Each structure stands twice: as C-alpha cells, then as structure tokens.
Amino acid sequence: MAAPQLTESTVTVEGQTLFYRQAEPAQQAPKLTVLLLHGIRFSSDTWLQLRTLATLAENGYRAVAIDLPGLGRSKDAVAPAPVGQPAPGAFLKVVSEALCLGPAVVISPSLSGMYSLPFLFQHSHLLKAYVPVAPICTEKFTAEQYTQIKTPTLIVYGDQDVELGQASLNNLRHLPEHQVLVLQGAGHACYLDKPDEWHRGLLAFLQQLE
C-alpha cells in the first residue's frame, strides 16, 4: 500500500494565520474528510505523533489537523474568544471553507469544545459527524438544545477522567444520535493512553458513516 501523503501548510482565517497538517490517501479519492482539533497542551503535532493522521489516510480518509489560535504553530494568531468561553460558531465555518473541507467529521478534545460546540449548534449541516473527546463548554447548552441536533456523534472519554469525562458525557448524551466509546484505564487525554483502542473505535464509527 502506498504511504499516505502528509503535508503541512498555513491558511488565513479572518486575518489570522493558522498552521495545519494534512494526510490524504495515496491512491484514491477520500471517502470522507476528518477535521482534528486539540486540547490546550496539544497541537496538530499530537495527531501526527500518535499516527492518527496516517491511520485515517491509510483507511481512505482525508485528515486535516489545525493548530488552534494562540496554540502550537498558530500561537501568533489571536483567538476569537477567551479560553473556556464559547467562540463564535462562524470561526470553524470559515476554517472549513478556507480548507475546502465540505461536510466533515469533527474530532474535538477538551479545550476545542469552545470551538466545536458552537459550530455544531449553529452550522450542524457542515458536520458529517461529531466526535467529542471530553470537551469543555458542554454545560453552556441546554438539554433541549442538544435534542435538536441530528448529527451522528461518537462520545469518547477515558474512564479515569472523573471530571470533564463524566460532566461532558452527562450533557452530550442528550444528543439523540449518539454512541459512546469508553477507553478503559485512560485519563483525560484518553487517545494518548489507549491509541489502539482509540483508532479502532474511531474507524468503526467512520465506517458506519460511509
């Protein structure tokens, strides 16, 4: 099998320069596009080192991982909201348009919930599916708001993540089209603790969407 094509570049969004990495299948048109966000201590490099980008591309998906404003190699970009506050949903919409993503599967750990949740509520037609990994800001929306969203969702958390993991699950389970992937023995950054289980569960979910 030919190795996936891994590239890195920048994209300008609302006057800010954002760094991103991309992996694409070597010999076929992508089946789906996956946008990977990250937590506060992480960046797109996390998904590179973990081989999530390569794994997705090897399985036929276009994978795009951005460095969020103020973090990683986008550290000079100004974030559209203070950390911990929901950002305008339009931010990821503009990112999606700039990267020509089309309706994408959005993977959103921890801090990135401040971006992904407003995007989900305001532009759900741009999400093919949603993979929240113990995100912040889930409490900023009501159960009634969650029940309106028909986007297929894979809720992921580590069973050792007693704070954000449990709190986000309690809110996100109001999404009607959800499944849950619990990574046993894993903490908050559960994908780092259990990468094989993370990749298996993610690929199984993506196959259901094709």
Side-chain angles (χ1 to χ4, degrees), residues 4 6 8 19-23 32-68 70-75 83-84 92 104-117 119-120 127 129-139 151-175 177-209:
L6 278 158
E8 49 184 66
F19 176 82
Y20 72 94
R21 300 172 197 273
Q22 177 166 267
L32 288 170
T33 296
V34 181
L35 174 65
L36 297 107
L37 308 178
H38 61 82
I40 194 163
R41 291 181 294 115
F42 304 101
S43 69
S44 63
D45 189 58
T46 306
W47 302 121
L48 179 71
Q49 301 300 333
L50 201 63
R51 290 201 83 256
T52 302
L53 289 172
T55 299
L56 287 167
E58 285 162 4
N59 283 274
Y61 305 108
R62 177 188 177 202
V64 181
I66 66 167
D67 284 8
L68 291 165
L71 299 168
R73 287 165 70 176
S74 301
K75 63 180 179 298
V83 168
L92 282 184
V105 179
V106 176
I107 296 177
S108 178
S110 198
L111 167 92
S112 67
M114 64 180 275
Y115 293 97
S116 66
L117 285 159
F119 184 53
L120 177 71
L127 282 93
Y130 185 44
V131 184
V133 187
I136 66 169
C137 291
T138 60
E139 76 288 349
T151 305
T153 299
L154 179 65
I155 299 169
V156 184
Y157 70 101
D159 69 348
Q160 305 300 303
D161 185 6
V162 290
E163 293 180 12
L164 263 175
Q166 290 296 329
S168 59
L169 173 68
N170 290 339
N171 294 315
L172 292 165
R173 61 187 170 80
H174 295 294
L175 290 164
E177 298 293 326
H178 82 265
Q179 304 168 38
V180 179
L181 174 63
V182 186
L183 299 181
Q184 301 295 336
H188 181 55
C190 55
Y191 42 88
L192 289 183
D193 293 338
K194 298 287 179 179
D196 293 344
E197 292 87 342
W198 155 245
H199 289 144
R200 264 203 306 277
L202 177 59
L203 291 172
F205 177 66
L206 294 176
Q207 278 169 350
Q208 297 169 26
L209 302 172

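Fair warning: this is a prediction, and the values are worked out from it, not measured in the lab.
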Which word best sums up how the rings of Tyr191 and Phe42 line up, parallel for under 30°, tilted for 30 to 60°, or perpendicular for over 60°?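 Tyr191 and Phe42: perpendicular rings.
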Looking at [X] and [Y], what are the two nearest heavy atoms and their distance?
{"X": "Pro135", "Y": "Gly113", "result": "CB-CA, 3.8 Å"}
{"X": "Lys194", "Y": "Gln184", "result": "CE-O, 3.0 Å"}
{"X": "Ala63", "Y": "Leu36", "result": "CB-CD1, 4.0 Å"}
{"X": "Tyr61", "Y": "Gln207", "result": "OH-N, 3.8 Å"}
{"X": "Ser43", "Y": "Gly72", "result": "CB-CA, 4.0 Å"}

For a quick check under 3.5 Å, do [X] and [Y] share a side-chain donor-acceptor pair by atom type?
{"X": "His38", "Y": "Ser44", "value": "no"}
{"X": "Asp45", "Y": "Gln49", "value": "yes"}
{"X": "Ser108", "Y": "Ser112", "value": "yes"}

Taking the side chain as every heavy atom from C-beta outward, state whether [X] and [Y] have any atom pair closer than 4.5 Å.
{"X": "Leu56", "Y": "Trp47", "result": "no"}
{"X": "Trp198", "Y": "Leu183", "result": "yes"}
{"X": "Val106", "Y": "Leu37", "result": "yes"}
{"X": "Pro132", "Y": "Thr153", "result": "yes"}
{"X": "Arg62", "Y": "Leu32", "result": "no"}
{"X": "Gln179", "Y": "Phe205", "result": "yes"}
{"X": "Leu192", "Y": "Thr46", "result": "yes"}
{"X": "Val133", "Y": "Cys190", "result": "yes"}

So does [Y] get a backbone contact from the side chain of [X], meaning a donor-acceptor N/O pair under 3.5 Å?
{"X": "Ser168", "Y": "Leu164", "answer": "yes"}
{"X": "His178", "Y": "Leu175", "answer": "yes"}
{"X": "Asn59", "Y": "Thr55", "answer": "yes"}
{"X": "Ser116", "Y": "Met114", "answer": "no"}

Gap between atom [atom2] of [Y] and atom [atom1] of [X] - 0.5 Å precision:
{"X": "Tyr157", "Y": "Gln166", "atom1": "OH", "atom2": "CD", "value": "5.0 Å"}
{"X": "Glu139", "Y": "Leu117", "atom1": "CD", "atom2": "CG", "value": "9.0 Å"}
{"X": "Ile136", "Y": "Leu111", "atom1": "CD1", "atom2": "CG", "value": "5.0 Å"}
{"X": "His199", "Y": "Glu58", "atom1": "NE2", "atom2": "CD", "value": "10.0 Å"}
{"X": "Leu71", "Y": "Phe19", "atom1": "CG", "atom2": "CZ", "value": "13.5 Å"}
{"X": "Asn170", "Y": "Thr138", "atom1": "CG", "atom2": "OG1", "value": "8.5 Å"}

Test log, rule side-chain contact (heavy atoms from CB on, under 4.5 Å), inputs Ile107 and Val156: CA-CA 10 Å; Ile107 296 177; Val156 184; over 6 Å; no
Is it true that, when you exclude Gln208 itself, more than 12 heavy atoms of the residues, nucleotides or ligands shown sit nearer than 6.0 Å to its CD?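 Yes, the 6.0 Å shell around CD holds more than 12 heavy atoms from other groups.
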Run the salt bridge (Lys or Arg N to Asp or Glu O under 4.0 Å) check on Lys75 and Asp67 step by step: do they pass? CA-CA 8 Å; Lys75 63 180 179 298; Asp67 284 8; over 6 Å; no
I'd like to know whether Leu209 forms a side-chain contact (heavy atoms from CB on, under 4.5 Å) with Leu154, so could you lay out the CA-CA distance, the side-chain angles of the two residues, the decisive distance to 0.1 Å, and finally the verdict. CA-CA 11 Å; Leu209 302 172; Leu154 179 65; over 6 Å; no
What's the verdict on side-chain contact (heavy atoms from CB on, under 4.5 Å) for Leu6 and Leu48, showing C-alpha distance, side-chain angles and the deciding distance? CA-CA 9 Å; Leu6 278 158; Leu48 179 71; 4.1 Å; yes
Is there a side-chain contact (heavy atoms from CB on, under 4.5 Å) between Leu181 and Ile155? Walk through the geometry before answering. CA-CA 6 Å; Leu181 174 63; Ile155 299 169; over 6 Å; no
